[in-house]
Amino acid sequence: MTDRPLVPAPLARGAHGAVVAPHHLATAAGLGVLRAGGSAVDAAIATNAVLGVVVPQNCGIGGDAFWLIWDASTRRQLALNGSGRSAAAMDAPRLRGDGHERVPFLGPMSINVPGAVRSWGDAHARFGRLSRDAVLGPAVELARDGFPATDDFIADVEAMAPLAREATSDDGFERVFRPHGRSWRPGERVRLPALAATLETLARDGFDAFYDGDIGVRQASALRAAGCLMTEADLREHTSTWGEPIVIDYRGVRATTHPPNSSGVVALEILGILAQLEPPPSAAFGPSGMTDAAWIHAGLEASKVALADRDRYLTDPDAREVPVAELLHPARLADIARRIERSRAGEGAAAVNPGAGDTVYMATVDADGNAVSLIESNWAGFGSGVVDPETGIHYHNRGSYFSLDPDHANVLEPRKRTLHTLLPGMLFRDGQPDPWIVVGSMGGDAQPQIHAQFVSAVVDGGVDIATAVAAPRWFIQPRELLSAAVDVSFEPRHAPGVAERLRALGHQLIPTEPFDSNVGHEHAIELIDGGPGAGGSLVAATDPRSEGLPAVW
């Protein structure tokens, strides 16, 4: 890959609509839908569909999604769970009986029902304005006519190809994503005709055709041939879930996110711990990131606790209660904050979940002030490595997050949702009913940590969203499977002396590249003076670590 300079993008301002996402072709598609009179939900689906074409290494119609939707007409926020469930024939005893100590990370046993497309249909039925043809048209065109191969796409295809060969019994990945038997050349057109045909079918027959029609029948057949236990009934009977967001107060700002099985509660727990501590002065926040090592230290220690709680409790709430109220109780958070050692790094609990993640986050706001915060994912790169050449669908590997321990909250059981790293976000200022900022990030275990850094920067530091998005980051993760969270990925753009002070506290820093994609892609839209619906405006920023550009009008 050719080295290229990366610099923070300026804020983009508009009065009628905005779209942010990690690829410029996707934001252009979303903006086109908004300009044609589409709603924020229409634009979000269009953006997501294009991302599934042009960055299939991060997402696709074989993945899962979580939504926050702000309905400006009722001034109500909704959560929509578009994550899939395990197959009815899947459970821990079966895999243990087959000799597995863990759910395989890749391959057919790591696949749950893909939930994203069902959530597209549910959101569109409730809040859509334009036809499915108009919403899916840009993705169909790009899949059929081709899009230019980028350096990131090429590198990710080459990295996944040997893994897919090892994890699957066929050459589906090679046939779809490496059809010439060689690596792509930069700028060469990548065409995905089978995926284009599948998207055209969804536009013609409806989003439910992914599960109920010929596509569902074909999926069940292809997955069965690959060794997956998914059936037509598993696909046909899958449903999304409408619910209420969860919320915490952070110094007068309401931070909202999606409830479990999303990791939104992890981000809120980190924020809740930090809210018990005195933040540094606003001068400590800026383009060089956090200059106060003690605040980063507090964030790292809070993240260790929250990630350990995730591993202990987070799962499908329909299968086992997740104690959200207990985890976010002010007295508990205050006690955790009091126990943070200021002079040295504490020990983290051993992780019980694999660490990885490639995801896309996008946000949209329309001319009426409706807003969407949407995150969708394959999980690890191209996901499971299982690809059906006939439909062009490549499948996520979220099922690998299940435990085979019968005593674990997230134990693999039939038709169960697993814990997810995904979390969409919205921020509300006290006394203002409309959203202030629509925001989120990709990044696996880093997501809640990135989110907390952003919230602290805009609330405690008062910085603009572009500065908060582009500032250097950190996040902590286990060094290896089933080990404690000790390795701190740390962008080298931090102010001089910060790294040295963190090392002196005992933190084990792993320097990244400047603007490294591996420290997440955060994108945000701010509604100024209430946004378009209140006669205000919009400002948008995409992460310079991504291939995105904000789109506004």
Side-chain angles (χ1 to χ4, degrees), residues 6-13 18-22 248 250-257 267-268 270-271 274-275 279-292 295-296 298-300 302-303 361-363 365 371 373 375 423-429 435-443 446-475 489-495 498 512 514-517 519-528 531 537-546 548-550 552:
L6 291 173
V7 295
L11 291 164
R13 296 187 182 274
V19 183
V20 290
I248 200 167
Y250 187 79
R251 305 190 216 283
V253 170
R254 289 176 292 122
T256 67
T257 186
L268 297 192
I270 296 171
L271 286 170
L274 293 178
S282 60
F285 299 84
S288 297
M290 172 47 54
T291 60
D292 185 344
W295 193 240
I296 298 177
L300 289 166
S303 297
Y361 173 78
M362 67 218 78
V365 178
S373 183
I375 191 161
L423 64 106
M426 285 193 196
L427 304 180
F428 294 76
R429 282 177 165 146
W436 171 34
I437 297 175
V438 187
V439 62
S441 173
M442 61 86 91
Q447 283 184 48
Q449 303 177 64
I450 294 168
H451 191 65
Q453 290 169 68
F454 177 93
V455 174
S456 179
V458 297
V459 176
D460 298 325
V463 303
D464 63 74
I465 61 171
T467 298
V469 160
R473 296 186 188 129
W474 50 264
F475 73 91
S489 292
F490 191 81
E491 278 195 280
R493 299 183 293 117
H494 281 85
V498 174
T512 71
F515 294 103
D516 195 328
S517 181
V519 294
H521 299 157
E522 181 107 3
H523 316 293
I525 301 172
E526 182 178 2
L527 287 77
I528 307 295
S537 66
L538 298 163
V539 60
T542 51
D543 200 314
R545 301 165 185 85
S546 75
L549 292 172
V552 299

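The model shown is predicted, which means the values in this text are computed figures rather than measured ones.
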* Asked: Roughly how far, to the nearest 0.5 Å, is the CZ atom of Arg251 from the OG atom of Ser456?
  -> 7.0 Å
* Heavy-atom closest contact (Val539 atom, Ile465 atom, distance) -> O-CD1, 3.4 Å
* Between Leu538 and Val552, is any pair of side-chain heavy atoms under 4.5 Å apart? -> no
* To do: Drop me the distance from Ile270's CD1 to His451's NE2, to the nearest 0.5 angstrom.
  => 10.0 Å
* Identify the two heavy atoms, one from Gly443 and one from Gln447, that lie closest to each other, and give their separation to 0.1 Å. => N-CG, 3.5 Å
* Asked: At their closest point, which heavy atom of Glu522 faces which heavy atom of Val469, and how far apart are they?
  -> O-CG1, 3.2 Å
* Structure fact -> Tested for side chain to side chain contact (heavy atoms under 4.5 Å, CB included) against Thr512, the lone hit among Glu491, Arg545, Arg493 is Glu491
* Taking all heavy atoms of Val438 and all of Leu527, pick out the closest pair and write down the distance. => CG2-CD1, 4.1 Å
* Note, Ser517 side chain near Ser546 side chain (heavy atom, < 4.5 Å) -> no
* Under the side-chain hydrogen bond (donor to acceptor under 3.5 Å, both in side chains) test, which residues partner Ser489, sequence neighbours left out? -> none
* Might you point out which heavy atoms bring Ile375 and Ser441 nearest each other, and give the distance in Å? => CD1-O, 3.2 Å
* **Gap separating the CD1 atom of Ile528 from the CH2 atom of Trp436, nearest 0.5 angstrom** => 9.5 Å
* **Close side-chain approach of Thr257 and Pro424, heavy atoms under 4.5 Å** => yes
* Asked: For the atom pair CG (Leu549) and NE2 (His523), what is the distance rounded to the nearest 0.5 Å?
  -> 10.5 Å
* Roughly how far apart are Leu423 CG and Tyr361 OH, rounded to 0.5 Å? -> 9.5 Å
* Asked: To the nearest 0.5 Å, how far apart are CG in Asp543 and CD1 in Ile450?
  -> 8.0 Å
* Residues forming a side-chain contact (heavy atoms from CB on, under 4.5 Å) with Gln453, sequence neighbours excluded -> Gln449, Arg473, Trp474
* Structure fact -> Here the pair of heavy atoms bringing Ala457 nearest to Phe285 is CA-CD2, 3.7 Å
* Do the side chains of Tyr250 and Leu427 get nearer than 4.5 Å, heavy atoms only? -> no
* List the steps and the verdict of side chain to side chain contact (heavy atoms under 4.5 Å, CB included) for Glu526 and Val458. => CA-CA 11 Å; Glu526 182 178 2; Val458 297; over 6 Å; no
* Ignoring hydrogens and angles, state whether a donor on the side chain of Thr467 or Asp464 is under 3.5 Å from an acceptor on the partner side chain. => yes
